[in-house]
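Structure first, then comments.
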Amino acid sequence: MKQNYIITSIIKTKIGNFLLEFEKDNILKFLPTKRKAFLINGFAKNIENHVNNYFSGKENSFSFRLKPNGTNFQRKVWLEALKIKYGETCSYFDIANKISTSPRAVGNACAKNPCLLFIPCHRIINKNNVLGNYQMGINIKKILLNLEKEAR
DNA sequence: GACTACGCTATCC
DNA sequence: GGATAGCGTAGTC
């Protein structure tokens, strides 16, 4: 029987190194890390290229297959986040309405997003246009949103 | 039961 | 009108 192995690699981006975990062509995790960059194979290199294109404004959507680990509820929130288009934002309140829950719970799920950037939870902000919070800090959130606004 | 990447309201300058 | 504090809320650990 053939088995799929989970592969880890560290890729380098403008805003720091990211730990990439994938299984075949499904991305399981994409999180910031302090570890030194290393690439395992062509797939990781491919991701790195796409991410760097994104950071230089040349690319505005990712078409990777994601396989994030989470509860049903978290997946529902992430699915809604994926629907937010490049350069647009949505409030926690809006997302909460769509899946009939509370904004607090939406924030909770976003905080556990294992695929930063690919699941664009940086596009989810507070209702009163305040940015809210972010796993990598609100500075990064600000940078990402500005990048998308200008590149559009 | 405690903890949130929220939002609303009341209350204070 | 702006700043702050308190509380309701829903999901997770």
Side-chain angles (χ1 to χ4, degrees), chain A residues 4-24 26-37 44 47-152:
Chain A
N4 290 327
Y5 293 99
I6 293 175
I7 302 176
T8 302
S9 101
I10 313 284
I11 72 166
K12 202 176 167 175
T13 80
K14 231 186 210 176
I15 60 170
N17 289 0
F18 279 82
L19 180 147
L20 170 72
E21 210 176 280
F22 56 99
E23 183 185 26
K24 231 178 147 199
N26 291 299
I27 297 175
L28 306 176
K29 264 188 212 165
F30 191 68
L31 296 168
T33 180
K34 292 208 168 83
R35 290 164 62 185
K36 254 171 59 185
I47 303 272
E48 188 182 59
N49 286 339
H50 280 288
V51 170
N52 283 317
N53 277 343
Y54 166 82
F55 279 121
S56 52
K58 280 186 259 172
E59 188 165 330
N60 59 15
S61 68
F62 298 113
S63 51
F64 309 122
R65 287 166 60 184
L66 303 174
K67 213 171 131 191
N69 213 8
T71 64
N72 275 340
F73 177 80
Q74 285 165 349
R75 270 192 254 264
K76 259 207 269 187
V77 174
W78 300 337
L79 215 61
E80 285 303 319
L82 282 168
K83 291 184 193 163
I84 309 173
K85 293 194 194 105
Y86 188 85
E88 291 182 2
T89 57
C90 197
S91 69
Y92 293 98
F93 184 84
D94 289 338
I95 305 276
N97 264 349
K98 277 187 197 158
I99 58 176
S100 43
T101 180
S102 81
R104 202 70 162 124
V106 173
N108 225 335
C110 289
K112 277 158 197 130
N113 175 10
C115 299
L116 290 183
L117 265 51
F118 302 136
I119 298 174
C121 55
H122 56 277
R123 297 183 194 143
I124 308 180
I125 59 174
N126 285 24
K127 207 187 177 189
N128 51 8
N129 262 336
V130 176
L131 284 192
N133 234 318
Y134 195 55
Q135 274 190 55
M136 298 178 68
I138 52 169
N139 280 341
I140 301 289
K141 191 170 184 173
K142 223 183 275 178
I143 290 169
L144 293 175
L145 289 173
N146 278 338
L147 169 82
E148 298 192 355
K149 223 161 75 184
E150 279 166 27
R152 198 154 62 130

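Worth saying up front: this structure is predicted, and the values here are computed from it rather than measured.
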Criterion salt bridge (charged side-chain N to carboxylate O under 4.0 Å, His left out) against A:E148, the qualifying member of A:R123, A:K141, A:K85, A:K142: A:R123
Can you give me the first and the last nucleotide of DNA chain C (5' to 3') that has an atom within less than 4.0 angstrom of a non-hydrogen atom in chain A? C:dT9 to C:dT12
Answer yes or no: is there a donor N or O on one side and an acceptor on the other, between the side chain of A:Q135 and the main chain of A:A111, under 3.5 Å? yes
Short question: side chain of A:N17, backbone of A:K36 - any donor-acceptor pair under 3.5 Å? no
In whole Å, I'd like the distance from the [atom1] atom of [X] to the [atom2] atom of [N].
X      : N     : atom1 : atom2 : result
A:R123 : B:dA5 : CZ    : P     : 21 Å
A:K112 : B:dT4 : NZ    : C1'   : 7 Å
A:I99  : B:dC6 : CD1   : C1'   : 13 Å
A:I138 : B:dC6 : CD1   : C1'   : 15 Å
A:K141 : B:dC6 : NZ    : C1'   : 11 Å
A:R104 : B:dA5 : CZ    : P     : 7 Å
A:N129 : B:dA5 : CG    : P     : 20 Å

Classify the nucleic acid contact of A:N108 as base, sugar-phosphate or nothing, counting any heavy atom under 4.0 Å across all strands shown. base
Counting any heavy atom closer than 4.0 Å, what does A:F73 reach on the DNA or RNA strands: base, sugar-phosphate only, or nothing? sugar-phosphate
Closest approach of A:I138 and A:G132, non-hydrogen atoms and distance? CG2-O, 2.9 Å
DNA chain C nearest-nucleotide lookup for A:N72 and A:P103: closer to the 5′ end is A:P103
Are the side chains of A:V51 and A:F30 in touch, meaning some heavy atoms are under 4.5 Å apart? yes
Phosphate contact (B:dA5 OP1 or OP2) by A:N113 side-chain N/O below 4.0 Å: no
Within less than 4.0 Å of OP1 or OP2 of B:dC8, is there a side-chain N or O belonging to A:K127? yes
Relative to the ring of A:H50, is the ring of A:F64 parallel (under 30°), tilted (30 to 60°) or perpendicular (over 60°)? perpendicular
Would you verify whether the NZ or CZ of A:K127 falls within 45 degrees of the ring axis of A:F93 while also being under 6.0 Å from that six-membered ring's centre? yes
Need the pair for B:dA5. Rule: Watson-Crick or G-U wobble, both distances under 3.5 Å, any strand; none if unpaired. none
Tell me the partner of C:dT9, counting only Watson-Crick (N1-N3 plus N6-O4 or O6-N4) or G-U wobble (N1-O2 and O6-N3) with both under 3.5 Å; none if nothing fits. none
Kindly point out which of B:dG7, B:dC6, B:dA5 is positioned nearest to the side chain of A:F93? B:dG7
